[in-house]
Amino acid sequence: MKKILIIEDDLLISSLVQFRLEKDGYETILVKDGNAGIIAIDTETLDLIITDVMIPFKNGIEIIHHARKTKPDVPIIVLSSLGEEEKIVLEAFNLGVADFIPKPFNPNELAIRVKRVLRA
Amino acid sequence: MIVKRTATLVFLLCLLIKTEVVLAQNEQVFADSISFVDFLKAQGEIPGLNYRLIDSSGKIISTALAPEVGGIVDYSQALAIQDSVLNRGSVESTLEFLVYNESSSFEASQEYVSNLLRNGDIVVNTPDSVNRKDLISLANKERYSPLLSGPYSYIGDYKIFAVISTITLFFVFAFAMIFFMVLYKARRNRKEKLVASYDEQIVGPLSEILFEKSLEELESLSNEELYLSFPENQLKKPIYMQVLVGRILALNKKMKGDFKLKLKALYKRLDLDKLSIEKLKSTKWDRIVTGMVEVNEMDYTEALVWVKKHVNSPNFHIRSQAVATLLNLSENIDLTFLRDQSFPLSRWQQMNYLRIIKHLHSTRNLHLGNLFDSENQSIRLFGYKLVRVIGRVDLLADLESKFPFTEIEDKIEIIKTFEYLGVPALSELINGSLTSENIKLASIAARAAGVIGDQSTAQLIIKILNDAPGFKLKMTLMKSLQSLNVQLYNQFIEENLSPDLQRISQHLSDPLLQDV
């Protein structure tokens, strides 16, 4: 079973994403802030990371930096608001994230993209 | 208020008691010497007061009844002895008063007796009063004692009373404040805990229902099925409902596609729309605004009837949100709700409405022309601005026809609109404004003349240039003349010897300065 780490501070969004992905047969780990995200990246064996950009303690870019250093093979999907700074989004892409899903989003669309990224 | 009044009453009462005591000390016991003598006669023996007879040389007259030492104790007796001495014709005698065996004057003795009476040290010997048992007479027999004694004596002194009252009130208010703060914090903590707990209770069923049920299934959900996800008893709790509304609204913002439709269906199925309408009927402005935000977010068009009622509200937030909601949700936007507003539009409101209208004008039928008929000038000006920002060229003819009957500010805004859109206007519109006595209007018209004027405008500029007030206006007019007809401009400069106009011309022809 593929294991996905979800780093999102919005309880509702994270629960919806978790519910949708578990329905598709993935195992999920849900964390609400950057620090917990870093710990999960270091301690868990992951197949995919889904992260928001604006999260407490450490932002999404720092998470991506850390993941690239410690788990370079794990793909990352960034889930974030379109209103967020273009610079941050571009930086995320430059760091080699697999996909970027802007909010508002459709959880079904997210599930499809997750499937595509994991297949690749 | 009650505490304050009671304190005032007690204070005044104490002041009254205190005042009476002071007056009693200064009160004159005997009105005159006769009443004092009468009192001595009636009283008989008075402790510490004796009498003796002395002759004209000051020598003590000693009799059997009036011993030399000790003196006579009863005043009546003293008088009788004096009479008997007189009858015997022995010597002329005078009655001398002795206070504690010391010779004393009549006035000093009177004062001594007065003090005894004031302090209640002697019982007034009035046989009548004893017989009648009069309360006052009986009271006279009682020794004086202050009404407020011991610990209560503090409130007898109004200064101490005031200080004690202030300190007491301070502590009372301090404790009351602490009590209410603790109470408020406890209630807030309780509410926060409840919200967090409801949040967790809601997340699961909400995710499940959104993924498991189709839109049709959601719309036709029975109460029993609904209560499985959201228990009936919980749905009766206002905080639970509040959390539910908040979460559905938050999700609606972050979701797209059929999830949005499902959330709206669920919102109605849970009767949360009724809560929103209840909020619109509230008397509190924040509840009304929250209700309108909910209606707006959930596209609840059925509630627009209630929203419309708030369009002309004296509260800025309410009317701003009401107009924004109506603009967002109305299918056919005739804008009469905005036209009939009596309050002036702020710049923030104009920006807010413009943002919505810019987004909507391509898909909805906006009757912008209605705004030109508003009695509110700020609305009319907003209407003219909208014409140029969203490029409603079809309304320019309407503006042209209204131009002669409008006020100066309207004229300025209409000219700006024509200039912005670059559409040539009727010559009266620009020519009439060029000769206006209003400098602001004349300047705007001079600037616009270069874009929307015609040859008649160029001729008019030549006519008025020499007499135009101010350097700036002359320069604007010359710029416009140059754009309208270069040949005419050059000819005018050659023929005109005005040093001002020559300098402006040199300025305009200088490639470095022409845009300065």
Side-chain angles (χ1 to χ4, degrees), chain A residues 4-33 36 50-56 59-60 77-85 88-89 92 99-116, chain B residues 192-218 228-230 239-267 270 272 293-294 296-299 328 355 359:
Chain A
I4 303 172
L5 171 66
I6 305 164
I7 312 171
E8 167 68 64
D9 57 336
D10 187 323
L11 179 70
L12 262 170
I13 297 285
S14 55
S15 302
L16 267 178
V17 172
Q18 186 182 33
F19 187 89
R20 183 66 185 84
L21 296 178
E22 281 180 0
K23 227 180 131 195
D24 281 357
Y26 300 113
E27 187 186 341
T28 58
I29 304 164
L30 191 63
V31 295
K32 289 179 185 173
D33 61 71
I50 299 175
T51 181
D52 190 0
V53 174
M54 295 298 173
I55 42 173
N59 67 31
I77 293 179
V78 176
L79 188 66
S80 194
S81 300
L82 269 180
E84 273 160 16
E85 277 186 52
I88 296 173
V89 177
D99 210 340
F100 177 85
I101 300 175
K103 290 179 191 170
F105 71 101
N106 187 330
N108 292 332
E109 188 189 328
L110 171 74
I112 292 166
R113 294 205 195 188
V114 166
K115 204 175 279 180
R116 186 174 58 82
Chain B
E192 277 173 7
K193 274 184 191 171
L194 267 178
V195 168
S197 140
Y198 290 155
D199 239 345
E200 283 177 13
Q201 286 177 34
I202 287 167
V203 167
L206 200 57
S207 310
E208 201 177 311
I209 211 163
L210 286 173
F211 285 111
E212 301 290 337
K213 307 274 181 201
S214 68
L215 181 62
E216 291 73 29
E217 281 173 333
L218 260 178
L228 284 176
S229 302
F230 307 100
I239 298 177
Y240 184 84
M241 296 296 269
Q242 199 182 312
V243 175
L244 206 50
V245 170
R247 296 303 160 256
I248 291 180
L249 251 69
L251 266 184
N252 187 54
K253 267 187 183 172
K254 288 167 186 168
M255 295 286 119
K256 66 178 185 185
D258 60 337
F259 279 89
K260 258 187 183 307
L261 298 174
K262 282 182 184 177
L263 284 166
K264 279 167 194 163
L266 188 64
Y267 190 76
L270 286 164
L272 300 178
V293 169
E294 287 166 15
N296 197 2
E297 289 290 335
M298 301 313 292
D299 299 341
N328 262 332
R355 189 177 53 81
H359 179 67

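Below, chains carry the letters A, B, ... as their sequence lines are ordered, and counting in each starts from 1. Predicted model only: the values in this text are computed from it and were never measured.
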Engaged part of B:Leu210 at the chain A interface, taking heavy atoms whose separation is under 4.5 Å: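 The answer is the side chain of B:Leu210.
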Region of B:Phe211 in contact with chain A, defined by heavy-atom distances below 4.5 Å: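 Looking at B:Phe211, backbone and side chain both touch chain A.
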Pair B:Lys260 + B:Asp299, salt bridge at N-O below 4.0 Å: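 Here B:Lys260 does not pair with B:Asp299 in a salt bridge, since their nearest N and O are not under 4.0 Å apart.
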Winner by heavy-atom pair count (cut-off under 4.5 Å) against chain A, out of B:Arg247, B:Lys254, B:Glu200: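 Among the listed options, the one with the most contacts to chain A is B:Lys254.
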A:Ile77 side chain reached by A:Thr51 side chain, heavy atoms, under 4.5 Å: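 With C-beta onward as the side chain, the pair stays apart.
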Within 45° cone of B:Tyr267 ring axis and under 6.0 Å: B:Lys264 NZ or CZ: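 Pair B:Lys264/B:Tyr267 does not count as cation-pi.
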Where B:Met255 and A:Pro104 come nearest, the two heavy atoms and their spacing: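 B:Met255 and A:Pro104 have their closest heavy atoms at O-CB, 3.4 Å.
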Part of A:Gln18 lying under 4.5 Å from any heavy atom of chain B: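 No part of it gets close to chain B.
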